[in-house]
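Model, not experiment: these values are computed from the prediction. Ligands are counted one by one from 1 in listed order, and the atoms in each one are counted from 1 as well.
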Amino acid sequence: MIYDIDFETMPREALEAIQLRRLQTTLENVYAKVPFYKEKFKEAGIVPGDIRSLNDLSKLPFTTKQDLRDNYPYGMFAVPMESVVRIHASSGTTGSPTVVGYTRRDIDNWSDLMARALCAGGATRGDIIHNAYGYGLFTGGLGVHYGAEKLGASVIPVSGGNTKRQIVIMRDFGPTILTATPSYTLHLAEVAKEMGFSFSDLNFKFGIFGAEPWSEDMRKELEETLGIDAVDIYGLSEVMGPGVAIECHEAKCGLHIFEDHFIPEIIDPITGESLPYGETGELVFTSITKEAFPIIRYRTRDITSLHPEPCVCGRTHIRMKRVSGRTDDMLIIRGVNVFPSQIESVLMKSSETTPHYQLVVDRENNLDTLTVKVEVSESLFADEIKMLQNTEKKISKDIKEYLGVSAKVKLVEPKSIARSEGKAVRVIDNRQR
Ligand code: DLL
C-alpha cells in the first residue's frame, strides 16, 4: 500500500517542478532569517534569485556539522522560539550536540512522512507497532511514534532498555511490527531466547530497522532469527529524523528518499564535486519544506549512491543504496580504508560466531593494529580450543582476502561484548590518545 499516492508516485517532471518552487522559497527564507546563511551566500557571491533551476543547487555553499556546532544551540533556527514546539538533539561522540527545532507544521509534515515510511515498510492501520527506538532527545522514538499514530496503527511506546520487560510485552501484547536499531534487535532476540521462547513464535511480520549502519548479511541473519521481513529506514536529526528515506517492503532494494521534502545529492567527499547517479560518495541533503530548522546542502558524511530507475512498488522517488558507513567511521589501517560494515559482512559468513563484535584499533611500534573481537556461539564454546583457533585463522584470512587488511581475530566468550540499547559502539580506536 502507498500512503500518499499523489506525491509518492508523481511523475518526475511534476516532482521536479515542486522541488524547484519549494527550494526557491526555502532559500529566500533562510537568506532573510538566518544570519549564518546570508553570510555564507554573500561569501559565495550568490543571492537566492540566482537559483533558477535544480542544476543551480550546486552553486550553493555546503553546510557542515561544524557550522551547526558554531551556531549552538539555536543560531540556525529560522523562526522565533514562540513558533518552535519541539526540540531534539543528536548526541554525537565529540563536541557539542546538534540542536534542531520543529514548528507545528514541521511536526505535522514529519508525522506524515513517518506514516508514509511505516506504510512503505509494511505497516497498516491494523498493525501493533512495538517501538523500541529511544524516546527523548533522540529523534527515533518520537519520530516513529507520531508516524504510527498518523497512520492509525497502534503504537506501544516502549523505548529502549528494560529488555526483559520488553520481551514480556512482546509476548503478551502481540505486536506485529518491531521498530528498533538492528543491534538492539539482536539483543532482544538473545534475551528472549534466555527467557525460554523464540522470536519466531511471536506475532511479528516486519522489522523496520535503522539509525546505524547494518549490512545485507545482517539483514539475512535478522530475517532468519526473527522469522520476519527486515526493512531499512534512514534519517538524521539535522534533516528531520527517521523517515527521510525507507525501503519499500516489496523490493527491499534501496531506500526511497521523500524527494518532495528533501533534495539529495552525492559528492566526492574530498573535492566536494557533484557525482552522477550510480556513483558512490557522500550524501548531501537540502530540506525544502522545513520551517524551524531548514538546512541547505548539508554534508551528512554518510556514504551511498543514488539510483533513479523505476521501482516495482510504483513509487517514483529516487532510491539511495543502503549506507555502507560514514566518512568519519572509516578506519585507515596501515593505509587500507576499512568500514566496520565490511568486517561485519565477513563475520556473518562464519557459522561458529555470533553477530556480536567490536573492533579495537591501536598502534604498536608506530604500526596500526586491528583486533576483531567476536563472540563464539554458545553451543560451540565447550568444544576444543583447537577448533576455535582454526575459526580465528579462517576469519582473519577472510578479512585479508576481502578487505586487504591484516587483522588479529580474537574469539571471546558469549555475552562478553557490551550490548546496545540504541546505536551500537562498533569501534574502539585507541590511536587518538
Ligand atoms: O538516527 C534517526 C533515525 C532514527 C533513523 C531511527 C532511523 C531510525 P541521528 O541520531 O541524527 O538520527 O543519526 C543520524 O545515523 O547520519 C547515519 O550515519 C546513521 N543512520 C541512520 N539511519 C541509518 C541507516 C537518526 N538506515 C545518523 N543505515 C546518520 C545506516 C544510518 N546508517
Donor-acceptor pairs under 3.5 angstrom involving side-chain atoms of residues 161-169: please list them, not counting sequence neighbours.
| residue | atom | partner | partner atom | Å |
| --- | --- | --- | --- | --- |
| Thr163 | OG1 | Tyr184 | OH | 2.9 |
| Gln166 | OE1 | His130 | NE2 | 2.8 |
| Gln166 | NE2 | Ser159 | O | 2.7 |
| Gln166 | NE2 | Gly161 | O | 3.0 |
| Gln166 | NE2 | Tyr184 | OH | 3.4 |

Which label fits Phe204 and Phe199: parallel for a plane angle under 30°, tilted from 30 to 60°, or perpendicular past 60°?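 Plane angle under 30°, so parallel.
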
Report the relative orientation of the aromatic rings in His88 and Tyr102; use parallel for angles under 30°, tilted for 30 to 60°, perpendicular for over 60°. perpendicular

Kindly tell me which protein residues have any non-hydrogen atom under 4.0 angstrom away from an atom of ligand 1, grouped by chain and ordered by number?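 Shell around ligand 1 (4.0 Å, heavy atoms): Ser90, Tyr133, Phe138, Thr139, Gly140, Gly210, Ala211, Glu212, Pro213, Asp232, Ile233, Tyr234, Gly235, Leu236, Ser237, Glu238, Pro242, Asp302, Val323, Arg326, Lys423.
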
For residues 263-272, tabulate all N or O donor-acceptor pairs below 3.5 Å that involve a side-chain atom, not counting sequence neighbours.
| residue | atom | partner | partner atom | Å |
| --- | --- | --- | --- | --- |
| Glu265 | OE1 | Arg297 | NE | 3.4 |
| Glu265 | OE1 | Arg297 | NH2 | 2.8 |
| Glu265 | OE2 | Arg297 | NE | 3.0 |
| Asp268 | OD1 | Ile270 | N | 2.7 |
| Asp268 | OD1 | Thr271 | N | 3.2 |
| Thr271 | OG1 | Glu273 | N | 3.2 |

Are any of the side-chain nitrogens in Asp328 or Lys65 under 4.0 Å away from the carboxylate oxygens of its partner? no

What residues, two or more places apart in sequence or in another chain, satisfy side chain to side chain contact (heavy atoms under 4.5 Å, CB included) together with Lys321?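 By the side chain to side chain contact (heavy atoms under 4.5 Å, CB included) rule, Lys321 matches Thr304, Ser305, His307.
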
